[in-house]
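Everything on this sheet refers to the single structure shown next.
Position 1 is the first residue of the sequence; numbering continues from there.
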Amino acid sequence: MQRIESHACFGGTQEVWQHRSGVLGCEMRYGIYLPPQAADGDCPVLYWLSGLTCNEQNFITKAGAQRYAAEHGVILVAPDTSPRGEGVADADSYDLGQGAGFYLNATQSPWAAHYRMHDYVVDELPALVDAHFPTTTARAISGHSMGGHGALVAALRHPGRYRSVSAFSPIVAPTRVPWGHKAFGAYLGLDSESWREWDACELIIGARPGTDRLPLRVDQGEADEFLDSQLQPTRLQAACEAAGHPLDLRMRAGHDHSYYFIASFIGEHIALHAQALRG
């Protein structure tokens with residue numbers, strides 16, 4: 001790995017690292033905030049997955065999360081949203097290709113060669129972080145929009161892997177909305193049955209009896225321009241009610257899809273994760 005940024009921040013250090021990903025077959029970057037407590041011992045980790053068009057910079061520069069991570073002694077890790085570079089497939093639109101990996105494992109050409117963001121986020125990146133930084137085995141995951149979708153799917157597909165999960169404005173039912181139709185059709189093919197394993201609502205409805213049901217925290221702005229067309233949190237609410245899955249859905253009046261919304265409530269989310277991570 002190569003450290004390409006380091007900034008003193010709230011008694012800790014905000015860093016950006018670059019490394020070669022074997023899973024994605026390209027160079028990747030991720031941001032990591034090391035709180036002041038990390039200088040004295042191991043700390044739990046919260047993984048943050050960003051949304052469409054973002055990279056590792058958006059969360060670390062706009063959310064104001066470092067203040068709360070320093071308060072609670074939590075390491076924050078924010079990866080890029082897709083593989084990048086020459087030879088990595090791309091598209092002309094903002095919602096497909098580089099910057100729009102959708103945190104799944106692509107099966108269709110030309111995407112399958114590099115677009116395995118689920119395996120990267122769930123397996124490769126945590127192994128890398130644990131090998132090089134003072135981490136405990138306790139992990140949590142959160143994200144925004146496309147990243148909220150990725151966080152929910154990661155937690156639901158891997159019971160016991162994370163202590164807690166939350167999301168801001170997540171795409172909860174990508175099999176039912178235009179963003180999901182476009183991305184899933186390209187990455188996974190036209191057989192919509194194969195899409196269901198990457199849809200949070202479908203995973204909740206299809207969960208086996210006795211499966212660990214990690215409570216879901218979702219914050220959604222009522223003034224979000226994508227609320228009705230792409231996000232549709234009522235689908236998640238209905239799925240959770242039908243399956244008896246715990247959900248804390250908080251509709252926030254006046255808030256939109258931006259980082260102003262995330263910055264307003266990120267402290268509450270980090271406090272929630274910190275409590276779960278400390279056991």
Side-chain angles (χ1 to χ4, degrees), residues 48-54 58 81-82 93-96 99-104 117-118 121 141-157 164-207 213-262 264-266 268-269 272:
W48 172 271
L49 307 183
S50 293
L52 288 165
T53 75
C54 293
N58 297 76
T81 56
S82 77
S93 56
Y94 77 96
D95 51 359
L96 186 67
F102 269 83
Y103 303 102
L104 49 71
M117 285 300 294
H118 179 79
V121 166
I141 193 164
S142 185
H144 171 234
S145 193
M146 177 185 73
H149 143 74
L152 294 176
V153 168
L156 291 167
R157 283 173 60 104
S164 53
V165 58
S166 72
F168 289 82
S169 314
I171 307 170
V172 300
T175 62
R176 305 291 188 90
V177 300
W179 275 340
H181 285 181
K182 182 175 183 177
F184 284 16
Y187 296 143
L188 303 174
L190 299 181
D191 179 10
S192 59
E193 281 298 308
S194 68
W195 301 359
R196 297 176 63 183
E197 62 181 316
W198 304 106
D199 182 303
C201 290
E202 295 291 337
L203 289 170
I204 288 169
I205 293 170
R213 297 181 181 275
L214 194 64
L216 311 180
R217 163 74 71 85
V218 172
D219 270 81
Q220 173 63 61
E222 291 183 347
D224 192 316
E225 60 269 41
F226 303 112
L227 177 60
D228 295 328
S229 60
Q230 306 281 11
L231 307 177
Q232 302 180 2
T234 53
R235 290 188 183 274
L236 180 65
Q237 189 172 41
C240 287
E241 288 176 356
H245 194 112
L247 170 67
D248 181 8
L249 173 61
R250 302 186 176 196
M251 301 299 296
R252 303 291 192 173
H255 285 277
D256 56 21
H257 201 70
S258 71
Y259 264 84
Y260 296 111
F261 172 45
I262 296 169
S264 297
F265 301 106
I266 192 64
E268 294 183 15
H269 281 241
L272 171 78

ask   = Yes or no on side-chain contact (heavy atoms from CB on, under 4.5 Å) for Leu152 and Val165, after CA distance, side-chain angles and deciding distance?
value = CA-CA 7 Å; Leu152 294 176; Val165 58; 4.1 Å; yes
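- Partners of Glu222 according to the salt bridge (Lys or Arg N to Asp or Glu O under 4.0 Å) rule, which considers only residues two or more places apart in sequence or in another chain, do not exist here.
- For Phe226 and His257, the gap between ring centers is short of 6.0 Å.
- With salt bridges taken as basic N to acidic carboxylate O contacts below 4.0 Å, none links Arg250 and Asp219.
- For His149 and Trp179, the ring centers are positioned 6.0 Å apart or more.
- Looking only at side-chain heavy atoms (C-beta outward), Leu203 and Val153 come within less than 4.5 Å of each other.
- Pairing each heavy atom of Ser194 with each of Leu188, the nearest pair is OG-O, 3.8 Å.
- Checked by atom type and distance alone, the side chain of Thr81 pairs as donor or acceptor with a backbone atom of Cys54 at under 3.5 Å.
- How far CG of Leu231 is from OG of Ser169: 6.0 Å, rounded to the nearest 0.5 Å.
- Taking the six-membered ring where tryptophan is involved, the planes of Phe168 and His269 are essentially parallel, since the angle between them stays under 30° and well short of 60°.
- The shortest distance between side-chain heavy atoms of Cys201 and Ile204 does not fall below 4.5 Å.
- Environment of CZ in Arg176: sparse, with no more than 12 heavy atoms of neighbouring residues, nucleotides or ligands closer than 6.0 Å.
- Scanning all heavy atoms of the two residues, the minimum distance from Ala100 to Ser82 falls at N-CB, 4.0 Å.
- Using cut-offs of 30° and 60° for the angle between ring planes, the His118 and Trp198 rings count as perpendicular.
- In this structure, NE2 on His255 lies 11.5 Å from CD1 on Ile262, to the nearest 0.5 angstrom.
- Remark: Arg252 is not positioned above the aromatic ring of Phe261, lacking an NZ or CZ atom under 6.0 angstrom from the ring centre and at most 45 degrees off the axis.
- Side-chain contact of Gln220 with Asp224: a donor-acceptor pair under 3.5 Å is present, judged by distance alone.
- The minimum heavy-atom distance between Pro233 and Leu227, with the atom names listed, is CD-CD1, 3.5 Å.
- Atom CG of Leu190 sits about 13.5 Å away from atom CZ of Phe184, to the nearest 0.5 Å.
- Atom-to-atom distance recorded for Arg157:CZ and Leu104:CG is 9.0 Å, nearest 0.5 angstrom.
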task = Test side-chain contact (heavy atoms from CB on, under 4.5 Å) on Phe102 and Leu52 and set out the steps.
result = CA-CA 8 Å; Phe102 269 83; Leu52 288 165; 3.8 Å; yes
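- Nearest heavy atoms, Pro170 versus Val218: CD-CG1, 3.6 Å.
- Residues Ile171 and Pro174 come closest through the heavy atom pair O-CD, 3.7 Å.
- Here the side chain of Ser258 pairs a donor or acceptor atom with the backbone of Tyr260 at under 3.5 angstrom.
- If you take OG on Ser50 and OH on Tyr259, they are separated by 3.5 Å, rounding to the nearest 0.5 Å.
- In this structure, Ser93 and Lys182 have side chains that are in contact, with non-hydrogen atoms separated by less than 4.5 Å.
- The line from CG of Leu247 to CG of Leu216 is 5.5 Å long, rounded to the nearest 0.5 Å.
- Within 6.0 Å of OH in Tyr94 there are more than 12 heavy atoms belonging to other residues, nucleotides or ligands.
- Shown here for Glu202 and Asp199, the closest heavy-atom pair between the two residues is N-OD1, 3.0 Å.
- Salt-bridge formation is not detected for the pair Glu241/Arg235: no Lys NZ or Arg NE/NH1/NH2 atom is positioned less than 4.0 Å from an Asp or Glu carboxylate oxygen.
- For Tyr187, the ring pair (Phe, Tyr, Trp, His ring centres under 6.0 Å) partners at least two apart in sequence or on another chain are Trp111, Tyr115.
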